[in-house]
Structure formats: structure tokens, C-alpha cells
Amino acid sequence: MSENKKLEFRGGSFMALIPFAIFIVITIGLSFANAADLNMMIGAGVVGLLVGMLFVKDLEAYWDIILAGLGSKVGMTAVMLWLVVGIYGNILKSGHIVEGLVWLGVQLNMSGAAFTVAAFVFAALFAMATGSGFGTISTMSFILYPAGILLGSNPAVLAGAILSGAAVGDNLAPVSDTTIIAATSQEYNNKEGTADIGGTVRTRSPLVIVGFVVAAVLFFIFGGSGGATLDPNHAAELLAAYQMPAGLLLLIPTALVIYLAVRGKNIFACLGIGSVVAIVIGLVAGLFDFSAIVAIEDGALVGAIPSGVAGMTTVSILLILVVSMGELLTRSGCMEATVNWLNSSVIKSPRGAELAIFSLSTIFGILIAAINTIANICVAPFVNAIGRKNNLHPYRSANILATTICSFPFFVPFGGCVLLLLGGLSSM
């Protein structure tokens, strides 16, 4: 099928929304039922595409477009980045970087409000290193939360500090899935290509850092319990069990990756260099042996490489399915008609376009708060269309999208991050 030929649907171009609508309804239902499952979301996408073909006039063209979308450069770039990030993040987790941060906190002899601020900073550093808000919450809360309570931190504020640190780090990390999707999905209007990851991080860093400083001050003001510590001896025992100063060495590859990415170097090269440096440091410092990278146990492959790839496979499939649905919206004229309607009735200026992007991202972020990555994937095509139509720089639309998606799922009561933290606290 010619790329310029319009894909026609019975009932008009808006029928191209059917696959996406089916996927969104099922995904939102799973989110509110606290049963978010990536495999079921993939199933919902497949079902939506199968139902959508009942309304198309040219069946062969329909599937040609879907298959072209599955293999698009935008989708494949994000998938490849995720696979590399999965390996890189697992290498860092194997190197006891958490225990290094805990050791630093003990050496600084912090308690009460000061420990709350430290938990916020440590969570942000871990999220920046690994690019995972969920991983930060599940890993850091197990150690920092009970220790903070014993050391006199305010329980609710301490929990908020861990959540907030995860959100800040997730938003600033070049290796974050949120950053990767937001950047690689936003295209230039007047030339080929999408927003580069280093540029998006660099342009939003000043704003995020201001928010970070304001939050740190508030955590210091409200983070203490106002009373004596419950049991310093128990806190000391807990912290002593999770200390390894050498783990801080893995902040070196973290800083290197961020520096290179912000300087505009190829993100794949940045991650490759960071992974090699992390492996060398980990092996030389005795943080892990080579079996932590890859090994055979009981006839199965284990380690950072197979685990990192496995952790990203399912969400990668989901991403390329949604990209193919976006291709249907574009080739049918549905996306253009939607954006033209918004521009004629709602959007009256570039600032209005930014407000529309923020509003759409907020709606998706709240409705699909169980997994903010999925909300990001779903709304990204609409954000890209609005940004291109109104000549917004892709850095701008990517940053509004990423920052919004990194906000609401971290504090709405049914958000996946909040539920993950509460589940961990209950088990403690």
C-alpha cells in the first residue's frame, strides 16, 4: 500500500480508534481492579486489532500498516534501549549500590527529619542509577523505612520521601523508561528524527532540580516525629546488616552515563560504556563475581543479562502494539482530524497546545496509574501529533509528557507506586 494512500474505515476515519479504545478500556479496568497485568494488556491490544479489522475496507492494507507499525524505527529504538537498560540496571543492582548509600547515611549519623531527607536523596540517586521508580520503591523502602521509623522519622512523610525520590530520579534518569518513551516518541515537525534523550534531560533538569530542593526543605521541616527515637539499638542493627561502602563505587558509571547523555553522545554508546565500567568496577572491587552477569544454574541461565532482557520483553511487545495502533490513527486520517478539531475549538496558541498536552497526560496518568509506563505509551502518539501540529519543539512536548507521567502515578491512592509501597510496608 502506498504510504500516501489513506486507509478507509466503514463509518469514517474515527473508527480507527476502535482498537485503541478496546485496549484503553481493558487497561483502565485492570488498573482500577488492582489487577494490572502486562500479558493481559498485550492480549487486549491484540483483540482490539482483530476487532478493528471488521470495520476496515481494505483488509490487506490494514495489516500491512499494522506490521509496518510493529517494525517502526520509533518503536524499535525504544525496545532496543529498554533491553540495554534492563541489563545495565541489573548490573548496578548486583553491585550493592543500595548498601553503599545506607553506609553513607550511617556515617553521616542522621536521624529524624535529617534521615527523612536522606531517604529522599538516596531514593532519587538509586532511581537515577537504575531508571526504575518501581525498583527504587521496592528496594529502598525495605531498608530505609523501618530504619527511619526507629530513628524518629515521621512515618507518613518518610513514605512520601521514598516515593518522591523515586519520582525525581525516574524523571531525571536518561536510562528511565519514562524518559526513553517520551523522547523517542516525539518527532520534529520540520525535519527527520525524534527528540534525543540527552537533550530532553538537559532541558528539564533545572526545573526538576528546583522541585527537588523545595521538596528536600519541606521534608526537613515535616520529616521528624517530634519525639524520641523508638529504639536506636534496633535501628543500628538493621542498618548494620545492609552496609557496604564499596557499593558507592557504582555511582561512577551512573555519573558517567548521565554526563555523556547530557553532552549529546549516542545513548546506546553511553549505556554500553556505563555497563562495561560497572562490570569492571564490580569485579575489581569484589562487589560481585562474573556469575552475577551470566551463569548456568540447574540448567537455566541466570544473572544480570538474562534477567535484564526478561524484565523488558513483555513491556516491549506492548509498546510496539500501541505504536502500530498509532500508525492506524495516522494513516486513516483520524489523528489529523482530532488535532485539527482541537486546534479549531480548544487550542488557540502554542501555550494552549502545551496545556492540552499536560491535560491529556494528566488524564492518562490518573486513569492508568497502576503502571505509569503504560500511561506514557498510550498518550505519547496524541502528544506527538499535537506538538507537531503546533510547531512545539520535541524537547518541550517530551518534557511535559515525562514530567506529568512521573507525577500522578506516584501519589494518587490507587497508583501502582503507592500500592507497591503500601504492600511493602504491610509485609514489614
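Please read all numbers here as calculations on a predicted model, not as lab measurements. One is the number of the first residue; the rest follow in order along the sequence.
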Where [X] and [Y] come nearest, the two heavy atoms and their spacing:
{"X": "Ser153", "Y": "Thr116", "answer": "OG-OG1, 3.1 Å"}
{"X": "Ala295", "Y": "Ser291", "answer": "CB-O, 3.6 Å"}
{"X": "Gly131", "Y": "Ala173", "answer": "CA-CB, 4.2 Å"}
{"X": "Ala114", "Y": "Met110", "answer": "O-SD, 3.9 Å"}
{"X": "Ile26", "Y": "Met40", "answer": "CG2-CE, 4.4 Å"}
{"X": "Ser13", "Y": "Ser332", "answer": "CB-O, 3.3 Å"}

Using modelled atom types and a 3.5 Å cut-off, is there a donor and acceptor pairing between side-chain atoms of [X] and backbone atoms of [Y]?
{"X": "Arg331", "Y": "Lys6", "result": "no"}
{"X": "Ser164", "Y": "Ala161", "result": "no"}
{"X": "Thr254", "Y": "Leu250", "result": "yes"}
{"X": "Tyr62", "Y": "Leu49", "result": "yes"}
{"X": "Thr200", "Y": "Ile197", "result": "yes"}
{"X": "Asn189", "Y": "Asn391", "result": "no"}

- Message: Measuring centre to centre across the rings, with the benzene-like ring taken for any Trp, is Phe408 within less than 6.0 Å of Phe411?
- Response: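 Yes; Phe411 has its ring centre under 6.0 Å from that of Phe408.
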- Message: I'd like to know whether the aromatic ring centres of Phe9 and Phe14 sit less than 6.0 Å apart in this structure.
- Response: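 No, too far apart.
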Taking C-beta and beyond as the side chain, do [X] and [Y] meet within less than 4.5 Å on heavy atoms?
{"X": "Asp170", "Y": "Cys406", "answer": "yes"}
{"X": "Met335", "Y": "Pro381", "answer": "yes"}
{"X": "Phe126", "Y": "Lys93", "answer": "yes"}
{"X": "Ile357", "Y": "Leu392", "answer": "yes"}
{"X": "Phe20", "Y": "Leu328", "answer": "no"}
{"X": "Ile374", "Y": "Val322", "answer": "no"}
{"X": "Thr184", "Y": "Lys73", "answer": "no"}
{"X": "Glu8", "Y": "Asp58", "answer": "no"}

- Yes or no on side-chain contact (heavy atoms from CB on, under 4.5 Å) for Val294 and Leu301, after CA distance, side-chain angles and deciding distance? CA-CA 7 Å; Val294 63; Leu301 281 170; 4.0 Å; yes
Nearest 0.5 angstrom please: [X] [atom1] to [Y] [atom2], how far?
{"X": "Thr130", "Y": "Leu125", "atom1": "OG1", "atom2": "CG", "value": "10.5 Å"}
{"X": "Arg396", "Y": "Asn390", "atom1": "CZ", "atom2": "CG", "value": "13.0 Å"}
{"X": "Ser407", "Y": "Ile366", "atom1": "OG", "atom2": "CD1", "value": "10.5 Å"}
{"X": "Leu158", "Y": "Asn154", "atom1": "CG", "atom2": "CG", "value": "8.0 Å"}
{"X": "Leu70", "Y": "Ile317", "atom1": "CG", "atom2": "CD1", "value": "10.5 Å"}
{"X": "Leu329", "Y": "Leu7", "atom1": "CG", "atom2": "CG", "value": "10.5 Å"}

- Verify side-chain contact (heavy atoms from CB on, under 4.5 Å) between Asn343 and Val339, making sure each step is shown before the conclusion. CA-CA 6 Å; Asn343 271 52; Val339 175; 3.9 Å; yes
- Message: One pair to check against side-chain contact (heavy atoms from CB on, under 4.5 Å): Phe364 and Thr404. What are the steps and the verdict?
- Response: CA-CA 10 Å; Phe364 276 80; Thr404 307; over 6 Å; no
- Item | Donor on one side chain, acceptor on other, Ser307 and Asn90, under 3.5 Å |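 No.
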- Message: More than 12 heavy atoms of other residues, nucleotides or ligands under 6.0 Å from CZ of Arg351: yes or no?
- Response: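 Incorrect, the count does not exceed 12.
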- Message: For Leu59, I'd like to know if atom CG has over 12 heavy atoms of other residues, nucleotides or ligands within 6.0 Å.
- Response: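 It does: Leu59 CG has more than 12 such atoms within range.
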Would you mind writing out the side-chain donor-acceptor pairs for residues 260-272 within the sub-3.5 Å range, not counting sequence neighbours?
{"from": "Arg263", "atom 1": "NH1", "to": "Tyr259", "atom 2": "OH", "distance (Å)": "2.5"}
{"from": "Asn266", "atom 1": "OD1", "to": "Phe268", "atom 2": "N", "distance (Å)": "2.8"}
{"from": "Asn266", "atom 1": "OD1", "to": "Ala269", "atom 2": "N", "distance (Å)": "3.1"}

- Task: Mind running side-chain contact (heavy atoms from CB on, under 4.5 Å) on Val383 and Ser397 for me, showing each step along the way?
- Result: CA-CA 7 Å; Val383 171; Ser397 53; 3.9 Å; yes
- Message: Among Thr203, Asn171, Thr179, exactly one meets side-chain hydrogen bond (donor to acceptor under 3.5 Å, both in side chains) together with Asn399. Which residue is that?
- Response: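 When side-chain hydrogen bond (donor to acceptor under 3.5 Å, both in side chains) is applied between Asn399 and each of Thr203, Asn171, Thr179, only Thr203 qualifies.
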- Please say which of Thr313, Leu319, Val323 ends up in a side chain to side chain contact (heavy atoms under 4.5 Å, CB included) with Val79.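 Only one of Thr313, Leu319, Val323 forms a side chain to side chain contact (heavy atoms under 4.5 Å, CB included) with Val79, namely Leu319.
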- Message: Once you measure the plane-to-plane angle for Tyr188 and His393, does it fall in the parallel (<30°), tilted (30-60°) or perpendicular (>60°) bin?
- Response: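 Perpendicular.
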- Message: Please list all pairs meeting salt bridge (Lys or Arg N to Asp or Glu O under 4.0 Å) that have one or both residues in residues 379-390, counting only residues at least two apart or in different chains.
- Response: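 For residues 379-390: Glu187-Arg388.
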